[in-house]
Structures are given as C-alpha cells and as structure tokens.
Amino acid sequence: MTHSRFRYPEKVSEISEICSSRLNSLLTMSQHPSHETDPRWTAVDNYSFSHLRRPSSTTLSSADLSYALTNSAQNGLPDIAVSPSQGKYLMLQAKLVKAKNILEVGTLGGYSTIWLANSSPDVQVVSVEVNSHHAGVARANLSHAGVGERVEIKLGPGVEVLPQLAEEVKQGKRGKFQMVFIDADKENNWNYVDVAVGMTEQGGCIIVDNVVRKGLLADPNTTDPRVWGAKTVVENIGKDERLDGVVMQTVGEKNYDGFLIAVVK
Ligand SMILES: C[S@@+](CC[C@H](N)C(=O)[O-])C[C@H]1O[C@@H](n2cnc3c(N)ncnc32)[C@H](O)[C@@H]1O
C-alpha cells in the first residue's frame with residue numbers, strides 16, 4: 001500500500017533516466033531566460049530585509065542608503081549595485097572577521113562601500129574604481145552617509161592599483177586586510193584574488209561577486225569573457241593551497257547569481 005503519489009525508482013537505469021530528463025528540462029529552462037525570474041525572489045528579499053532591519057543597531061540609516069542609490073541614478077550610474085540584503089550580508093561578514101581594514105574593487109556609487117564602512121565605527125575601507133565620474137558620485141554618497149573620512153577611493157584600474165597596495169602592505173606602510181570584496185571587471189577576478197591573498201591576514205576572507213551568472217558558470221561552451229573570468233577564479237582557487245573557497249548560489253531582486261567566498265589559510 002502506498003501513502004503518497006511519489007514512487008521510488010526501482011532500478012539504477014530508471015534513476016539515470018530521471019536524472020537525465022531533469023537535466024534536459026533544466027537546460028531547456030536555461031535557454032529561456034524568462035523562466036529565470038520569479039516574483040517570489042524579490043518578495044522574499046523585501047519581506048526578510050524589512051523584518052530583519054533594526055536601525056537602532058547601526059548608525060546606517062535607510063535615508064543614507066536610499067540617497068546613495070537615488071543620487072547614483074540621477075548622475076547616470078548603472079543600476080548594478082548589490083541589493084540591500086547582499087549589502088547587509090557584506091556588513092555582517094565584515095563583523096564576523098572583525099575587519100579593521102577592508103579592500104573593495106569596484107566602487108560604483110559606493111552603495112556596497114557604505115555597508116562595509118558601517119561594519120564597525122573604526123573600520124577603514126579602501127575602494128578601487130577606474131571611472132572618475134563613478135568615484136566622484138561615490139565620494140558625495142559616502143560623505144552624505146557620514147563615512148567619507150574612513151573610505152579611501154583609489155582611482156585607477158585594479159590591475160595597476162592592487163599591486164601598488166600590495167607593495168605598501170609589504171613595506172609596512174599599510175596594514176593587512178581582513179576582508180576583500182571583488183566586484184569590478186570580471187575578466188580580472190583571478191588577478192585581483194591572486195594579489196589580494198598576499199595582503200590579507202590569515203583567517204581573513206575574499207568574496208568575489210557575480211560568479212554564477214544565471215548558471216552559465218557550469219556551461220563549458222560559453223563565450224562570455226565575464227563567465228570565463230568566473231570560471232578561472234573558481235578553478236584557480238580550487239588549485240591554490242593558500243585558499244579554501246565555496247560558491248554560494250543566490251536568487252533575489254538581482255536575479256539568479258551567486259558569489260564565491262574564500263578563506264585565507
Ligand atoms: C558592479 S559595479 C560595483 C558595484 C558596487 N560594488 C556596489 O555594489 O555598490 C562595478 C564597478 O567596477 C568598476 N570597474 C570596471 N572595471 C574596473 C577596473 N578595471 N578597475 C577598477 N574598477 C573597475 C566600474 O566602473 C563599476 O563602477
């Protein structure tokens with residue numbers, strides 16, 4: 001007698017048939033991006049973020065965060081900042097590693113920077129940005145949020161700025177970082193991680209954003225250089241004895257994506 005409509009497969013061949021039919025339906029879905037948005041993702045973000053927000057526990061006000069996004073949009077910056085929940089995740093992660101120095105690559109309008117700078121009252125953030133217009137808007141947003149004095153924006157391409165920072169750390173002119181957030185040109189993800197490891201404290205973490213890219217991370221035939229940037233960073237971290245990493249897939253108001261987090265051993 002069966003109590004449910006579910007029937008366990010009886011043979012191995014049946015299991016593999018089911019797996020391959022599931023895989024085919026998933027591949028079909030991934031060819032139709034319309035299947036990949038779901039209003040529940042944004043609803044859950046809105047529900048959980050609003051319930052878990054306790055303004056009294058942080059100096060960070062909703063008004064400062066909204067100002068940063070509105071001012072960025074009014075100044076023509078693209079709408080590609082992290083979501084509020086992702087920003088709060090970054091802030092909590094910085095608290096977990098007790099970050100005193102944080103490195104960010106990719107400032108845009110400083111939205112994620114504002115979250116990071118609010119992880120503790122004395123944290124210092126260095127944020128690297130190649131676009132001078134973005135950097136200017138970010139400076140205004142950061143000072144509006146009251147964290148301008150604790151954030152240093154380094155203007156220039158990450159591949160040039162990071163080795164300079166690494167040299168300063170080596171010479172003792174700058175302290176090591178406890179947390180690094182990489183969110184810029186995806187093609188250089190691995191180059192950034194490779195240099196960042198040397199200037200991150202043991203036990204510190206490196207987070208690389210947008211590595212899942214609607215599942216294309218697992219597609220061997222993709223020609224998108226941003227996906228190859230994600231693949232390279234995942235594969236190289238897997239081979240690197242200095243790091244231990246994992247990819248977390250996410251859905252939410254920023255669609256289906258995910259980040260890689262690696263701990264420096
Ligand atoms: C996704 S946005 C950063 C979003 C920001 N982290 C946030 O969540 O608020 C990427 C930023 O990286 C910058 N960028 C692109 N290429 C860069 C490079 N080679 N070096 C430094 N920054 C770069 C872009 O100008 C853009 O402002």
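Remember, it's 1-based here, ligands and their atoms both numbered in the order they're listed. Both backbone and side-chain heavy atoms feed into the values below; hydrogens, waters and symmetry mates do not.
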Option with minimal heavy-atom separation from [atom], where the choices are [options]:
atom                    : options                       : answer
atom 18 (C) of ligand 1 : Leu90, Thr107, Ile114, Asp185 : Asp185
atom 27 (O) of ligand 1 : Gln86, His133, Lys186, Glu129 : Glu129
atom 12 (O) of ligand 1 : Gly106, Gly110, Ala81         : Gly106

- Item | Modelled atom types, side-chain donor and acceptor of Asn141 and Ser72, under 3.5 Å |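 On atom types as modelled, these side chains qualify, holding a pair under 3.5 Å.
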- Task: Could you pull out the closest heavy-atom pair between Arg174 and Glu168, with the gap in Å?
- Result: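 What the structure gives for the nearest pair is NE-OE1, 2.8 Å.
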- Can you tell me how far the OG atom of Ser83 sits from the OH atom of Tyr89, to the nearest 0.5 Å?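 Interatomic distance, Ser83 OG to Tyr89 OH, rounded to 0.5 Å: 12.5 Å.
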- From Gln178 atom CD to Thr200 atom OG1, the distance as rounded to the nearest 0.5 Å: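 Here the interatomic distance stands at 8.5 Å.
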- Item | Evaluation steps, side-chain hydrogen bond (donor to acceptor under 3.5 Å, both in side chains), between Tyr192 and Asp185 | CA-CA 10 Å; Tyr192 297 147; Asp185 49 329; 2.6 Å; yes
- Query: Relative to the heavy atoms of Pro157, which atoms of ligand 1 are at a distance of less than 4.0 Å?
  - Reply: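 Heavy-atom distances to Pro157 below 4.0 Å select 20 (N).
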- Task: Would you mind running through ligand 1 and noting each atom that sits below 4.0 Å from a heavy atom of Ala184?
- Result: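 In order of number, 12 (O), 14 (N), 22 (N), 23 (C).
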Could you establish whether [X] and ligand 1 come within less than 4.0 Å of each other, counting only heavy atoms on the residue side?
X      : answer
Ile80  : yes
Gly156 : yes
Glu104 : yes
Tyr192 : yes

- Task: Step by step, work out the side chain to side chain contact (heavy atoms under 4.5 Å, CB included) result for Glu104 and Ile153.
- Result: CA-CA 9 Å; Glu104 175 179 64; Ile153 297 183; over 6 Å; no
So which heavy atom in the protein is nearest [atom], and how far is it from that ligand atom?
atom                    : value
atom 20 (N) of ligand 1 : Gly158 N, 2.9 Å
atom 14 (N) of ligand 1 : Val130 CG1, 3.8 Å
atom 5 (C) of ligand 1  : Ser112 OG, 3.3 Å
atom 8 (O) of ligand 1  : Val82 N, 2.9 Å
atom 4 (C) of ligand 1  : Asp183 OD2, 3.3 Å

- Query: Would you find more than 12 non-hydrogen atoms of other residues, nucleotides or ligands less than 6.0 Å from Gln202 atom CD?
  - Reply: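 No, because the 6.0 Å sphere around CD of Gln202 holds 12 heavy atoms or fewer from other groups.
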- Message: Are there over 12 heavy-atom neighbours, none belonging to Lys265, within less than 6.0 Å of that residue's NZ?
- Response: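 Buried by this count: over 12 neighbours within 6.0 Å.
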- Item | Whether Tyr111 and Trp115 hold their rings parallel, tilted or perpendicular, with breakpoints at 30° and 60° |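 Rings of Tyr111 and Trp115: perpendicular, over 60°.
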